[in-house]
Amino acid sequence: DSFRGCAKLREVIFGTAPEVLPRGTFAGCGELARLVFRSGALPRMEPGAFGVSPAAIDVVASDGRHLKANDLPCSAQAVGGVFLVGTEGGWEVVAPAPEAGKSLTVPAMWQGKPVVSVAEGAFREDTHVEEVKLPASVRAIGAQAFCGSAVKRVTLPETLRFIGESAFQNSRLEETPRLPDSVETIEGRVVTGCTFRDGGVLRLPKTLRTVPVYFGWWATGLSGMELPGVEEVPPLGLVYVGAGAPEGHFNLRFGRRRVRFRKGSLSLHPKATYVVMALCFPEGSEPVFEEGALSGSASVELRVEGQPVR
């Protein structure tokens, strides 16, 4: 990680070539244009080693050869616009390949085995791919898989079971993702920092009984959330939500009649000054609010079947 985030870095000269350039070595180095290896064999490149397309980076080998970074030996297989490595049960996507277009459909199978997961940080800080469609074979998305990426739209399969922490944090998602009911685990900060432009409703899968921490934290442009199976909102569960809500209304709609709100579980985004947050419950509901459950200066309405009761 010694070069990670060096945005103005243009050239790196190695006295002795390393054996491998690990994933993320030059992440965030958007102006990198040239690598020079004065001695040793060319290093092996792991997918995702560069923050820009390897095809844009000149390489000078120790024997004087001039080539491109995408000519470096690679430990993964480039298939259908992504790099794949073997994992339990099939293949895992570890990075977009240089030939990936702005719209990418991840292959479902290769060499008779399914593509079962997207690795941690696979598309992190990628600046090219804007739309990703995952096949029905994918079961898991790793932590920070699309963090800081250019992805605007993502299609998640109905077979997905796991979404890791910060999977889409600070990405360019514009369309509210549909989280399928097959999902059994969602870790925190999934859409933190995203700015949605469709005024959509972020729906938590009905299989989940507890809101993940920082769910929707610092995300803007949503009109609300649906939480059909939630029975408890933990501390830091629904904090700093609601900024940019269309027409100044942000609705949290629950499907269970008894929901417990823990201390520090609920607050509007600091920029949501003129937003009213409505908590909506089915008829006969008896929500429980611990002392200090609501923080900040939020304007909140409690409704049962759409009728305000206090």
Side-chain angles (χ1 to χ4, degrees), residues 3-4 7 9-10 12 20-35 37 42-61 65-87 90-138 140-142 144-157 167-168 171-175 177:
F3 300 104
R4 181 187 292 272
L9 183 68
R10 294 190 57 81
V12 178
V20 62
L21 297 176
R23 183 173 8 154
T25 300
F26 296 103
C29 303
E31 296 187 11
L32 182 64
R34 180 179 167 94
L35 298 178
F37 302 101
L42 289 173
R44 177 170 53 85
M45 173 186 65
E46 289 189 356
F50 298 97
V52 297
S53 171
I57 300 172
D58 294 320
V59 172
V60 180
R65 286 179 296 152
H66 287 255
L67 51 150
K68 294 292 187 180
N70 61 340
D71 295 320
L72 295 174
C74 184
S75 59
Q77 303 290 332
V79 180
V82 294
F83 282 111
L84 300 177
V85 297
T87 190
W91 300 99
E92 183 170 64
V93 177
V94 293
E99 66 270 20
K102 289 188 178 296
S103 180
L104 175 62
T105 299
V106 173
M109 301 282 294
W110 190 58
Q111 293 186 340
K113 296 181 180 180
V115 176
V116 296
S117 57
V118 180
E120 177 179 338
F123 290 80
R124 183 173 53 206
E125 298 180 17
D126 175 72
T127 59
H128 180 67
V129 178
E130 296 182 354
E131 181 176 14
V132 175
K133 298 178 181 179
L134 298 178
S137 56
V138 170
I141 296 175
Q144 297 188 24
F146 298 92
C147 181
S149 73
V151 170
K152 297 179 179 179
R153 292 172 295 279
V154 62
T155 301
L156 305 178
F168 298 97
S171 69
R172 297 181 189 172
L173 275 182
E174 294 182 352
E175 294 185 6

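Computation of the quantities below employed the complete heavy-atom set of this structure, encompassing side-chain atoms and omitting hydrogens, waters and symmetry-equivalent molecules. One is the number of the first residue; the rest follow in order along the sequence.
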Please lay out, stage by stage, how Thr155 and Val132 fare under the test side-chain contact (heavy atoms from CB on, under 4.5 Å). CA-CA 6 Å; Thr155 301; Val132 175; over 6 Å; no

Test of understanding: with ring-ring contact (aromatic ring centres under 6.0 Å, His included), list the residues that count as partners of Phe123, not counting sequence neighbours. Phe146

Roughly how far, to the nearest 0.5 Å, is [atom2] of [Y] from [atom1] of [X]?
X      : Y      : atom1 : atom2 : value
Ser171 : Lys152 : OG    : NZ    : 11.5 Å
Glu130 : Ser149 : CD    : OG    : 10.0 Å
Met45  : Thr25  : CE    : OG1   : 10.5 Å
Phe26  : Leu9   : CZ    : CG    : 7.0 Å
Arg34  : Ile57  : CZ    : CD1   : 12.5 Å

Please identify each residue that fulfils salt bridge (charged side-chain N to carboxylate O under 4.0 Å, His left out) with [X], with sequence neighbours left out.
X      : value
Arg44  : none
Arg172 : none
Glu175 : none

Applying side chain to side chain donor-acceptor pair (under 3.5 Å), can you list everything that pairs with [X], at least two apart in sequence or on another chain?
X      : result
Gln144 : Arg124
Arg65  : Asp63
Lys68  : Asp58
Ser103 : Glu131

Keeping the roles fixed (side chain from Glu46, backbone from Pro22), state whether a donor-acceptor pair exists under 3.5 Å. no

Just so I know, are the side chains of Leu134 and Ile141 near enough to count as touching, which here means a heavy-atom distance under 4.5 Å? yes

I want to check something: taking the side chain as every heavy atom from C-beta on, are Leu42 and Leu67 in contact at a cut-off of under 4.5 Å? yes

Which pair of non-hydrogen atoms, one from [X] and one from [Y], has the smallest distance, and what is that distance?
X      : Y      : answer
Val118 : Ala122 : CG1-CB, 3.7 Å
Phe3   : Cys29  : O-SG, 3.0 Å
Val129 : Pro96  : CG2-CB, 4.2 Å
Ala100 : Gly81  : CB-O, 3.3 Å
Leu84  : Ala76  : O-CB, 3.4 Å
Gly80  : Pro107 : O-CD, 4.0 Å

If a pair satisfies side chain to side chain donor-acceptor pair (under 3.5 Å) and one of its residues is in residues 104-122, list it, with sequence neighbours excluded. Glu92-Ser117

side-chain contact (heavy atoms from CB on, under 4.5 Å) partners for Val116, two or more places apart: Thr87, Pro114

Restricting to side-chain contact (heavy atoms from CB on, under 4.5 Å), what partner residues turn up for Ala108, sequence neighbours left out? Pro135, Ser137

For residues 70-80, the salt bridge (charged side-chain N to carboxylate O under 4.0 Å, His left out) pairs (sequence neighbours left out) are none

